[in-house]
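Only one structure is covered here, and it is reproduced in the block below.
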Amino acid sequence: MKKLLLLFSICTPALLFGQTINDGLMMPAKTVCTGFVYSHDQWTNYWEGELKRENGNIGTLTTTAATWMAAVGVTDKINVIAMLPYVWTKASGGTLTPMEGIQDLSLAVKYNFFTKEFGEDKFKAFGALTYSRPVSNYSADFLPLSIGMGSQNLSYRMTANYNFKKKIYVNASAAYTWRGNVELDRPSYFTGGQIYFTNEVKMPNVFDYIVNVGYHKGPLQVDLNYMQQNTLGGGDIRRQDMPFVSNRMNASKAGLFVMYYLAAPKGLAVRAGGMTTVAGRNVGQSTTLMGGLLYTFRFGPQPE
Amino acid sequence: MKNYTILIKSGLVSIFVLAVGLISCDKSIDIDGNLKSYTPSSPDANAGTWRMLVLSSSSSIAVAAPTAVTSDAYLAELAAVKDAQSKLTKEQKDIIEYWSAGGVLRWNQIFRDLVAEYNLPPAPKADNTYPVPDAENPFGDPNFPFANPPYAARAYSYVSVAQYEALKAAWHYKSVYNRPAPYQVDSSIKNLLPETGVSAYPSEDAVMSGAAADMLKSLFPAAVRKITLRAAEQRNAALWAGRATASDISAGLALGKAVAVQVLARAGGDGMRTAGGNKAMWDGLVVNAESRGEIAWVSQDTPKRPPMLPAFGAVRAWNMTPAEIVANRPAPPPPTSSGEMDAEVKEVLYYSQNMTRDRLAIVHKWADGAGTYTPPGHWNDIAEEYISEARFSEVRAARAFALLNMAMHDAAVACWETKFFYFNPRPSQLDPKIKTLTGLPNFPAYTSGHSTFSATAATVLSYLFPQGTEYFDEQAREASLSRLYGAIHYRSDCEMGLAHGKVIGGFTVNNALTDGAN
């Protein structure tokens, strides 16, 4: 029972960049956790470069997503994680059309390469590799209404986790994301102070880190987190211009989530949380709320 | 169990291989377009006799005779060229390589860069009004100018015409003075640029740089750094490459600048200064439309924005008289309350609500909205490849862009005259259920600017490059339909715009037929 609970926590909802793999927990071998998370993200103010403003032609921009996810315990030390969101966007102001569609499929391998116990405390370290790519032919050139950025991504992540007396944990995770070029439907574009006579956009890479402090005991997990994402290059949104796919999008976000494992039916957990943007550049000052249902089960012949 | 392990291992290996594969992908992109250096198919040695457009003749601006190539002064200039060539850096070689693709073609790219940079509407102020870009304060917020499609069409035409006039004048003096190029005088000097078949004095590179830079500094004053750096590079490249000496260049620069003065004088009096109109004029447009029983256009920007350049229709055209513009104005659109208009609105709603990925790609390909080089810029982009492939001399390339851009300026004038004569609402004004697949332009619907620009451009380009006629027409139709697919225009806006554009382009082609360049 307790073991199963631990397994759940690996299913962190997709907040940004499909990070589901930044916590300190692993699914044991031959166990699957799968489910859906629904998220609702909204902003009215955004940063045009570093200038915070609103825009009557956008009003409030709402992005909702239903994300399927699954984490598979391949071995006790190696997990494979998959995620696939369906995304809807809409603007309350102006005339721009809402968009929707299947976004990017993420596949990750997470490896718990180091564990050391100190009495009742435990330290763990993880490495993870995530690949993601669009699985529908959506347009990334319709921001802020595009449903995604359109690039193939490869992310390298390291995570360290320290657990005190089997109930309080601190967690720190950082990743470098390599992003492939994006192709537009138009033959030229202007960004970062110059025109490009090509439909191909070089996407700057991204660095992010996230720190968490949490309580985790019995059926309950409560997690406070702070994350910082920096795009390593890219131009600013110019005055009164639309955002562009390769903009320098930076964000600092603070969040909270709660996960609770139901007494019955066995294996079902609910998860709810929220996040707010405290600072940013070329992004919306968004607030995200999310809720999900996740189900865990074992498969195959189980070890003794 | 063993099977699982194999599966896991092969899965991990394939992810690793994928990872390494992606990392080794080359992210570099070619940003300058695919222009290649070429030798002109003809030197067009008689271009000094081609008809002038603004200057009274190709010799109306005096260019003094050069010193003899045997003079001490000239020999000192040759020594400077030799010295420069002996220590060319990688950066200097790259600059020569850049300009070897053709000065006129490169300047056209630079105009498009500037238009894209300055094609941003003013942001609203806290009191929900909009500031007006101020030529006296070009670095302010908003920047000056707002290089929207009419502004851009006019700017492209003036810079292209100035270069064309300046090059014809240069060709005249080249044939008069026949001064050889440095590499022809001194065999130890290498020619690092394509052979042009014309003499060196005055330097065509300097002529172009002077005419273009002075035009652009007037049209895009806040871009003075970008403009003057490029202009200086072009002149330096000519010298470093052994094509021109200091006196070839200074004579060319002076000629180019003198031509710019005359072309700017025409621009100063063409009516652009008052094209923005004023509150009384904007109100009068509403009254006029309503007095005809029509629903008047209303800005759908939030906050409401004054219409874009409502008096641009009164700006002086190049190849059409004001009377010809009125005489060729399209017939009225269906009345806003008619069943015919109702059917048109329904068709737009259909495209709004039944977006396909293919249609969205067409909408985005041709959007050419804020922050881009505009539809006229897009047609310059299309022309570029044809000019380069036809290996036009600099003066013939300048003619091609001048014809194209004069015609598109006339299209802007005639289309704007039509738009503000009828002041017809956009589809999303008549039916708020209509959502758009691209930004909604802030001016009336009838007729479609994209359609007009595109048909005009296709007409001129088909005259210049008959082998491309089918392609140009097909591109123009696609550009036109993109506005219906994008749910910002009715079909009648698009069809009438195409028909109108063809007529407008015909005026320029008619003049070109007898300009001496055929």
Side-chain angles (χ1 to χ4, degrees), chain A residues 29-30 48 53 55-59 74-75 78 80 90-91 93-99 101 107-109 111 129 131 136-139 141-142 152-154 156 178-181 184-191 193-203 238-242 244 300-301, chain B residues 1 4 8 11-12 15-16 18-19 22-23 25 27-34 109 112-113 116-117 119-124 128 141-143 300-303 352 355 357 360-373 377-378 381 426 428 434-440 487-488:
Chain A
K30 298 186 177 175
E48 183 180 77
R53 63 167 293 181
N55 188 330
N57 300 312
I58 298 294
V74 174
T75 74
I78 296 174
V80 172
K90 64 170 193 236
T95 65
L96 293 178
T97 190
M99 302 291 267
L107 285 173
V109 179
Y111 177 39
L129 185 64
Y131 170 71
S136 72
N137 183 21
Y138 63 83
S139 167
D141 196 20
F142 196 52
Q152 294 189 67
N153 306 312
L154 193 63
Y156 308 86
W178 180 94
R179 300 197 295 174
N181 293 355
L184 310 182
D185 295 322
R186 52 184 165 139
S188 84
Y189 58 90
F190 187 97
T191 192
Q194 73 173 108
I195 200 162
Y196 291 79
F197 295 114
T198 170
N199 69 335
E200 201 176 345
V201 183
K202 188 170 167 178
M203 295 287 280
R238 295 180 290 157
R239 190 80 175 112
Q240 196 67 11
D241 199 2
M242 298 297 270
F244 186 67
Chain B
M1 186 63 213
Y4 274 119
I8 292 155
L12 289 177
I15 286 171
F16 181 75
L18 190 67
L22 279 172
I23 299 301
C25 271
K27 278 173 85 165
S28 68
I29 51 178
D30 179 14
I31 64 169
D32 281 339
N34 293 312
Q109 291 188 331
R112 281 182 266 143
D113 175 57
E117 181 166 0
N119 180 13
L120 291 174
N128 282 345
D141 176 19
N143 281 179
Q300 287 179 274
D301 273 20
T302 309
S352 171
M355 175 171 77
R357 185 63 185 87
L360 184 66
I362 291 171
V363 172
H364 286 177
K365 172 181 169 186
W366 292 102
D368 296 326
T372 72
Y373 52 31
H378 200 147
D381 200 344
R426 291 276 171 175
S428 48
I434 293 174
K435 293 290 181 183
T436 64
L437 281 59
T438 185
L440 182 70
I488 62 173

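Computation of the quantities below employed the complete heavy-atom set of this structure, encompassing side-chain atoms and omitting hydrogens, waters and symmetry-equivalent molecules. Each chain gets a letter, A, B and so on, in the order its sequence line appears, and its residues count up from 1.
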Closest approach of [X] and [Y], non-hydrogen atoms and distance?
X: B:A123; Y: A:R53; answer: CB-NH1, 4.4 Å
X: B:K435; Y: A:G94; answer: NZ-O, 3.4 Å
X: B:Y373; Y: A:I195; answer: CD2-CD1, 3.8 Å
X: B:G439; Y: A:L96; answer: N-CD2, 4.0 Å
X: B:L360; Y: A:S139; answer: CD2-CB, 3.8 Å
X: A:T95; Y: B:S428; answer: CG2-OG, 4.2 Å

Contact part of A:M242 toward chain B, heavy-atom cut-off under 4.5 Å: side chain, backbone, both or neither? neither
When the 4.5 angstrom heavy-atom criterion is applied to A:Y138 and chain B, the contacting part is backbone
How many angstroms lie between CD1 in B:I434 and OG1 in A:T97, if you round to the nearest 0.5 Å? 11.0 Å
Sub-3.5 Å donor-acceptor pair from the side chain of A:N57 to the main-chain atoms of B:T302, do we have one? yes
Short question: side chain of B:R357, backbone of A:S136 - any donor-acceptor pair under 3.5 Å? no
Looking only at heavy atoms and a cut-off of under 4.5 Å, which of A:Q194, A:R239, A:R186 has the most pairs with chain B? A:R239
With chain B as the partner, which of A:G93, A:G101, A:G180, A:S188 has the greatest number of non-hydrogen pairs under 4.5 Å? A:S188
Tell me, side chain or backbone of [X] under 4.5 Å from chain A's heavy atoms, or both, or neither?
X: B:L437; answer: both
X: B:P303; answer: neither
X: B:R426; answer: neither
X: B:P122; answer: backbone
X: B:D141; answer: side chain

Best-contacting candidate, B:N34, B:L120, B:T438, against chain A by heavy atom pairs under 4.5 angstrom: B:L120
Counting heavy-atom pairs under 4.5 Å with chain A, the top scorer among B:N128, B:T372, B:D301, B:N119 is B:D301
By ring-ring contact (aromatic ring centres under 6.0 Å, His included) - contacts of A:F197 (at least two apart): none
Is there a side-chain contact between B:N143 and A:R238 (heavy atoms, below 4.5 Å)? no
